[in-house]
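The figures here come from the full heavy-atom set of this structure, side chains too, leaving out hydrogens, waters and symmetry mates. Counting convention: from 1, in listed order, for ligands and their atoms alike. Remember, predicted model here, so these are calculated numbers, not experimental data.
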Amino acid sequence: MNTEATPRKWRVATVSLAGCFGCHMSFLDIDERLFGLIEHITFDRSPLTDIKTVGPCDIGLIEGGLCNAENVEVLRAFRDQCRVLVAVGACAITGGLPALRNHLDVGEMMKAVYGEVPNDPELPLPLNRVRPIHEVVPIDHALPGCPPPADAFWQLLQDLMAGREPQLNKGLIRYD
Ligand code: SF4
């Protein structure tokens, strides 16, 4: 009988709030290393899975800032469920390019784009300002870049899974 316990897999959730999915694409740019990674992690809620609500996780990767009420609700659920929460990319860290709308009036902006302010109750209410996620919940780590390089995702996950404080060398820290 095989008595060796199967090593527990790390549970990772990811989400795009007011993001462009570019950070997720950069994560996938770790390419064939994904095959090795998947031996050690399993994905919870993520655009890569069909899981609708986030469950208890080791790591949550948040792409995008907050532009509407639904973003805030989802972010809070991630904070509740994820032991380690990571702000991924310029949008999550500072609001990013979408925050360029912050000097505009939201109502006027809607009218300019749609001709009127959409009022279907199914639609999440927009925030008057696009906000970085640290304004709403505490964040454990940040992965800068727009998007962060694939090697930065790789390094962060390797460090976290080894129980180390993530250390990105200079080449992996960028803001553009
Ligand atoms: S940081 Fe850049 S790549 Fe990532 S979601 Fe924002 S705009 Fe897209």
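- Taking a cutoff of 4.0 Å between a charged side-chain nitrogen and a carboxylate oxygen, Asp50 and Lys52 qualify as a salt bridge.
- Thr14 pairs with exactly one of His24, Arg45, Glu63 by the side chain to side chain donor-acceptor pair (under 3.5 Å) rule, that one being His24.
- In summary, the atoms of ligand 1 found under 4.0 Å from a heavy atom of Cys23, numbered by their order in the structure, are 1 (S), 3 (S), 4 (Fe), 5 (S).
- Of all atoms in ligand 1, listed by their number and element, those nearer than 4.0 Å to a heavy atom of Pro147 are 3 (S).
- From the protein, the heavy atom lying nearest to atom 1 (S) of ligand 1 is Ala90 N, 3.3 Å.
- Heavy-atom proximity to Gly22, at under 4.0 Å, picks out these atoms of ligand 1: 3 (S).
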* To do: Check the pair Gln155 / Asp159 against side chain to side chain donor-acceptor pair (under 3.5 Å), numbers first and verdict last.
  => CA-CA 6 Å; Gln155 188 63 50; Asp159 285 345; 3.0 Å; yes
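- Remark: side-chain polar atoms of Ser26 are paired, donor with acceptor, to backbone N or O of Pro148 under 3.5 angstrom.
- The distance from atom 8 (Fe) of ligand 1 to the nearest N/O/S atom of Cys146 is not under 2.8 Å.
- For atom 5 (S) of ligand 1, the closest heavy atom belonging to the protein is Cys20 N, 3.3 Å.
- Distances below 4.0 Å separate heavy atoms of Glu63 from the following atoms of ligand 1: 5 (S).
- Between Arg11 and Asp58 no salt bridge is recorded (no basic side-chain N to carboxylate O distance below 4.0 Å).
- Screening Cys91, Cys146, Pro147, Ser16 for a side-chain contact (heavy atoms from CB on, under 4.5 Å) involving Cys23 leaves a single residue, Pro147.
- Counting protein heavy atoms only, atom 6 (Fe) of ligand 1 is closest to Cys91 SG, 2.3 Å.
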